[in-house]
Every structure is written in C-alpha cells, then in structure tokens.
Amino acid sequence: MFFLLACTLLISFPVRAQVTSERLLHANDEPQNWLTYSGSYASQRYSLLNQIDTSNVKNLELKWVFQAQSLQKFETTPLVVDGIMYLTQSPNDIVAVDARTGRAFWVYHYAPSPAARPCCGIVNRGVAILGDTLFMATVDAHLVAVDAKSGHAIWNAKLAEPAAGYAMTMAPLVVKDKVIVGVAGGEFGVRGFISAFDAETGKQAWRFDTIPSPDQPGHESWRGGDWQHGGGAVWVTGSYDPELNLTYWGTGNPGPDWNAAQRPGDNLYSDSVLALDPDTGKLKWYFQFSPHDPYDYDSVQIPVLVNANWKGAPSKLMMWGNRNGFFYVLDRTNGKFLSGHPFVKVNWASGLDANGRPITTPQPPGQPTFPGIQGGTNWYSPSYSPRTGLFYLPAWENYSTIFTGVETEFHEGQRYTGGANTAPIPGAENPVGARQGPVNVYTEALGSGAVIAIDPATGEKKWKFDMHDVNTGGILTTASDLLFAGGREGFFQALDARTGALLWKANLGGEIVAGPMTYRVDGKQYITIASGNSLFTFALRE
Amino acid sequence: MERVWNDSVKQSFRSLHKIGSREAALSPDREFPYPAFAFSPGRCIFTAKSRNYVCPDTEYCLNRGLFVKLCRMFQRALLPCAIACGIFAIWGDAGKARGQDRAPVYYPADIKYGAQIFASQCTACHGENGDLIPGVNFRAGQFKRVISDNDLRMTITNGVPGTAMQPFNFGASELTGIVSYLRNMSSFDTRNLLSGDKARGQVLFQGAGKCATCHALNGKGPRVAPDLGDIGSLRTADLLHRTLLDPAGAMLPVSRSVHAVTRDGKTINGRRLNEDTYSVQLIDEQEHLVSLTKSDLREYAVVKTTSMPSYKDKLSDQELADLEAYLLSLKGVK
C-alpha cells in the first residue's frame, strides 16, 4: 500500500527542476542559485542579488559554520541549487548541506590513491552539476560522477597516472552534455591536457594536449624531446561563450619551471589561454602571455568574459589579470591582443609590444625579479561588475624572487622544477611556506596584498585596498555595488565596489584561499566563504 | 629503533586501513575497540580532528609529509604508550579466548560467505582442510603467528613477507567472512553449503524480489531507499541476511522513515538522512532533500516500521542465498 502511495505521489508531483544545460546557460536569471564555480559561464563572479547593500552590510552576522574534517587548505567554492549547498573538503569529499543552516544531508567520500602527489596541497576547489549529477575531479586524477540526491557514485573515470605527478584540483566545467577538466602537475614535468567526458556515461569525448607533439601545430616552439615533459598544466576552471561556442582555459608553466635554458623556444601552449570548441576539443585560437617563461608565471587564471564597448564599438572581450603582473584585454572572438598594462611592479619586461608579446628585461643573476614566484596574482578568482565597469583583482604587491636555473634531469613522478627560488632578503622565508600559523612572518618587507580595481579601457587603477599580508582569496561583487574579499590574514571584508571603502569586516581566524559566493533561500541573501578549515555563511541580522 | 617502529606501524596501518572501514563501524557485533587501535599513533592523531568514522585513507595520509612529521613528533610520546598498551593487552588477554577483549561472535551467514571465499582463494595452498602448510592447521586452531582475529585480518591483508603467503586485497565484509569461517572450520559442514548464484540473484533483485522498486544501483533507480551499489563493501554477509529476514530490526537507525507535519499543516514523509537537536534532514517521497526545523513542526515521529518487506517466507533458502551472493558482489563504481 505504502509503495502504491509513494508511486502515486511520485507521479502526481513534478520533481523539482533538474539543472539542465539550459539553466546553466542562463545562470544569471536565477541569482538565488550559484550553479557553476565562477557563478556563470562568463566567470565574472558577479551576482544580481542586492538585499545586502552598502547601507546595511554592517548588519551582517554569522549564520552558520561548516567545519571541514581536514587540516588541508580549504579552497572550495560551493554550489547552491534550490536551497541545497554542495561543497568539497579535502581530500575528495562532497558534502551536501542545507544552505540555510549548514546541516548535512550526506557526505560522499572518495579515497584517492596514495600515489597522488599534488605540488601544493591536497586541495579541491569544488564540483560542477548537470541534471541531478555532481562532478568532482580528484587529487589522484580521476573524474567522478555522484548522484546529487543520494551522494552515491555513478561513474569514475581515470584520466592519468597519479604516480607520474598528474593530479586534479579544479572544479569541472559542464558545457552542454560534457564535463570538461584539466590536469595539474606542472612541477613534475607532466604533459598537460584538457579533456571532456560524456556526463551520462563517463566516456572520454575528446582530449586536447596543451603541449603539441611533433605532428601538431605549435610543436616548432620546442627543441627535440623537451615537449614530452613540457608542463602546461591546467588547474582552474575555464569559461564558456555560448554564442561563439568556445570554451577558454588558462595553461600553466613550461617544465622545468625555472631553467628556461633547458627548453629553448616559446614552449607553446604553456602560459597561454586556449579557445577550444567544446564539442570537439579543436583549438580555435590561442594567446601566449609569457613565452619561454623562466618564472613559473602560470596563466592559470579565470578567463573573465565581458561584453562591452571597446574604442566605441560593442565588443566581445576577455579580461585577464595574469600572474606575470600584466592585466590584459583580448578580443575573445579571435584572441587578438587589445591592451596590456602592469598592475603591480614588474621588472622582467619593460612592456608589451603591439601583439602583446612581452619586451623582456631579464634581471642579472642574484637580483630580484618582480613579481616573484607566486606572481602579481595567482589562481584566485577576480571579479567584474557590469554596473561599475571595473575589473577587480586580488594582488601581491612589491613582491619579488631571486630565480636560479639549474640543469635538471627528468624522472617521472619526481619534482622537475630546474633550480631554486629564494626571497630577496637573506635568510627570509620563502613566501610559499612562510605563513604556517597566526603570526605573520611574511611581512611587508617581502610584499603585501591588495584588492585592485582596474578600469579595463585604460588599465588604470581606480582604487586600491591595501592588505598588510598577501591576498590569496577570490573576489565577489554584487548588483548592490558590494565587493567581498579576504586574504591570508583571515579577515573577510566588504568594500564599496565604486570607491574601495571598507564597509564591514570579520576576523575568521584562518587563511582565506577560496572565492566568496552568494545565494538566496526563502527570500534571504547569504554570503559564504571558506577560511582556515571552516566554511562561514553570513546574512543580515533579523 | 625508529625504522623498526615505523615499519611495524606502517604494517599495522595497512591492515587497519582494511579492517577499520565503515563496515566495521557499522557492525554492532564486531569486537571493539580493536586492541590494535590502542597501539596506533595514527588513530590518536586522527581523533584529534578526524572523521567521525574511521579514517579510510590512513594509508594515504601515511605517505604525506605532514603525517610523517606528526608521526615523528608523537613517536617519542607514544612509544612508551604503545609498549604499555601492549603489556596491558597481553595481561588483559590472559584467560580470554584467542586474545580478544571479549569472546567474538560469528554468524552463520558470515561463515558461509567465508567458506566460499576460502574455497576459491585459499585452498590452493592451505588445502580444503586448511592443513597443507606445515605448522598451520585451521581446523585445529593451529597458527604460526596469529592469536587474535585482528592478527588473522592483518596476516591476510599484509601477507607474510618471505613466504608464499601473499597480501590479499579483501574488503571488510570478505575479511569478516574468512575470519568467521577459519574460526569455525572444525564445526562448519561445507557439504551442506547452499552456495548462492549472483546471476540468479540479480534476476531476483530486478524481478520477483522487487528490490529495484525502491533501491537504486550506483545512481540508477529510485531513491526511496538507500542506493545498494556498494552494499557488498558496506555490510557483512550476516547483516545482509538479517536485513532480508527482518528489515525493520536490522536497518540502520539513521535510515528510518520520519513523519512530520508543519505548523501550517503540510505533511512530510521521508527517509531520515541526519538529525540533530533542532533539525532533521531527509529525502522525501518526491526525492527532494528537505531540512526541517523542529520548532516549525506540529508533529514529528520516527517510524520504527519499514516499507521493506521481510523475505523470510517470500523467498526460498536457495533464492535468499542467490540474492545475498548478488548483494555481496556489489562493490560500487571503480
């Protein structure tokens, strides 16, 4: 009887709408949800929600905290779909929680292979969704599909060998019926690739190798067999333009990282943006930001897609705050360079030529290079507000590194970085490992952080919000002209997106290495950010 | 000393990785705490900030730099502790059967499952009667280095270096079965063993048993009841057997149905997923994830019955064996 009743109910009540690819295309039409890693295919990390605004943001209060069962860096940007939040915690758990209260429905646990060896922490940045299925890239280079209702695995596809240094940390990107991911491993001399999988079956649909083999165009930018461990890893989520049917992905450093003498040539397609056909994986165009890079200036940033006037004409633009210290505007229809300006101190290049190629000025041995190895920015999500027309960037300022290239032999699965990077102050800690606790040993003498607001038309800074410690977090802007950001100090701040004025702050007590996001449930707008080992959610006081 | 200690810890970790799985945590009749846990620095470290179930990625963590550092930090403090625990364990074992904390209980379904695995995996070296290896005679309870059931699990999982005894990659349900069988070989009559056929079991699952009416397999199917795609890794043969005969009695309490009526009169029925003092999370009959605040409810009850029928009189013993064989073969997606 109960069965019959249950069946009747199933038939008579329509199931709450699944996340169709149509919904993903129009994510902006449902600002109550956060359906992709960067909020929409244009990756502006901009929300139309405006309940929290510049006048009431001071009344934000903590609504709930989710504590990760992990001491690893917490880099997740959760998704929210119709009141349910999906977050990831290290190593590769997906947790479904009630977005109003943070109480868990289920935990999916994936035990990665012990052979996994990601360079920089056993981290994960989030999931993608299509239909009722979540997709997670794992640290041992698998892609898993998990039922969003039950938390049960549906399929599991292995992409590469973790023992060879391949890993995955990004949130996947769903385009139409495919799930697209890339592999990390640039510090292990991997040969990077981007790959698409059928969302239903888990079968690989296509694969694009970011380092061309002898039979592929671009191979002439390599000498001999160097390409075989040429790097070009891909480890943050790309963007998608449905009108052009192009998906855009940033690629990482060539291998070995710091000994460029060992790999003569431009080393395509390292440190580039690639425009791929999402149906076939065919390369439509590329733009290389840092040819023959000796500084580990990964171009693994979020491609921000903006439709705006350029020199008076409506244009399809791509804005890119690059790790190499330059802010770029490209024509995303064809990859044409439109403009490029430094946003931090840069001394490795005196500028960019008419085609956007850097005019390099290598520093003498032992002298500091600006920006340093972590870059003028890194993978941290920037934001673009169509209301203010400004591009917002998390930056590391006055920051440098002394690079030393050393001839290095390739051994599969071992670090293949080719030299050393040291801080410019003798005896000072390398910034990568400097901040291990609540005391800031990484002082202003080694660099500092900022949120920078850039006018894309001119490359000029409209305003700058200085942080004493470096800025490792992402940025969210809203239709109420608010900007949310946080960095290594553990402060989470709300700024006026037009002026950079500080409007509200909270000490969350742990490094922020994730992007903020926002959503609405039952008429209430929430703001969520990971800090330390916990995920914090705020809303206005009742 | 350091090396010896570390290696032995790694050894025991590998086996803990196997035995300390969710299945062990879910099975109320496992002897617990495992004496081995007391020795394990990993266990101590992980409980500092760990999962609320036994960390299944112990081996993984072992290989990580941070863990190794922690190990070294804690080593000095824990070594005397480990020795003390060891002495205590030996002292505490005096007079107890086979070195257990309390007498272990073995169940017919587990013994039967173990007998099948033994027949296919172990007889080549140990023989049908378990007495082909000199110095080892399972029926007589004679072992070279095994005292407790945990020793057995570890030996099977790790193998014995330098001998023909190789490591076996068995899941927790399988280990429970093998250990149960080895401990009962002398009295268990394999001649009457009703061996299940998983192909026939699959037909029952989809057809006459109507299991697929409510249960999904790896995301395919309804969500009224839990997905069974990896049930063979999660539950022992005995627990599966008992669930089929007495579903209400053997089901996990968290999975019970709940009935709620909100203050504005809306009725919600569903399967409980989680609950705390102030709220309850469930999947309702329309397969929505629902989180209810208890203060918003006029009525709230956990239902002790279940819509799953007992198969006691519905299926023959052979059919039950077939269905169980099929369920035990479900190990999730790889």
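To find a chain, count down the sequence lines: A is the first, B the second, and so on, and within it residues start at 1. Below, all heavy atoms of this structure are taken into account, side chains as well, without hydrogens, waters or symmetry copies.
- With a 4.5 angstrom heavy-atom cutoff, B:L282 touches chain A only via backbone atoms.
- At a threshold of 4.5 Å between non-hydrogen side-chain atoms, the residues B:D230 and A:H152 count as touching.
- Only the backbone of A:W155 comes within contact range of chain B, with at least one heavy atom under 4.5 Å from a heavy atom of that chain.
- To the nearest 0.5 Å, the span separating OG on B:S279 from CZ on A:R103 amounts to 5.5 Å.
- Put simply, the residue from A:I84, A:D98, A:V97 that forms a side-chain contact (heavy atoms from CB on, under 4.5 Å) with B:L289 is A:I84.
- Looking only at side-chain heavy atoms (C-beta outward), B:E287 and A:D132 stay at 4.5 Å or farther from each other.
- Heavy atoms closer than 4.5 Å to chain B are found in both the backbone and the side chain of A:N156.
- In terms of heavy-atom pairs under 4.5 Å with chain B, the best-connected choice from A:A104, A:A157, A:G202, A:G151 is A:A104.
- Residue B:K304 qualifies as open at atom NZ: its count of foreign heavy atoms under 6.0 Å is 12 or below.
- The heavy-atom pair separating B:D227 from A:S150 by the smallest distance is OD2-OG, 4.4 Å.
- Looking at every heavy atom in both residues, A:I154 comes nearest to B:G219 through CG1-CA, 3.8 Å.
- Neither the backbone nor the side chain of A:T133 comes within less than 4.5 Å of any heavy atom in chain B.
- Interatomic distance, CZ of A:F105 versus CG of B:L273, reported as 7.5 Å (0.5 Å rounding).
- Heavy atoms of other residues, nucleotides or ligands lying less than 6.0 angstrom from CD of A:E30 number more than 12.
- Your options are B:R272, B:K220, B:K334, and the one with the most heavy-atom pairs under 4.5 Å with chain A is B:K334.
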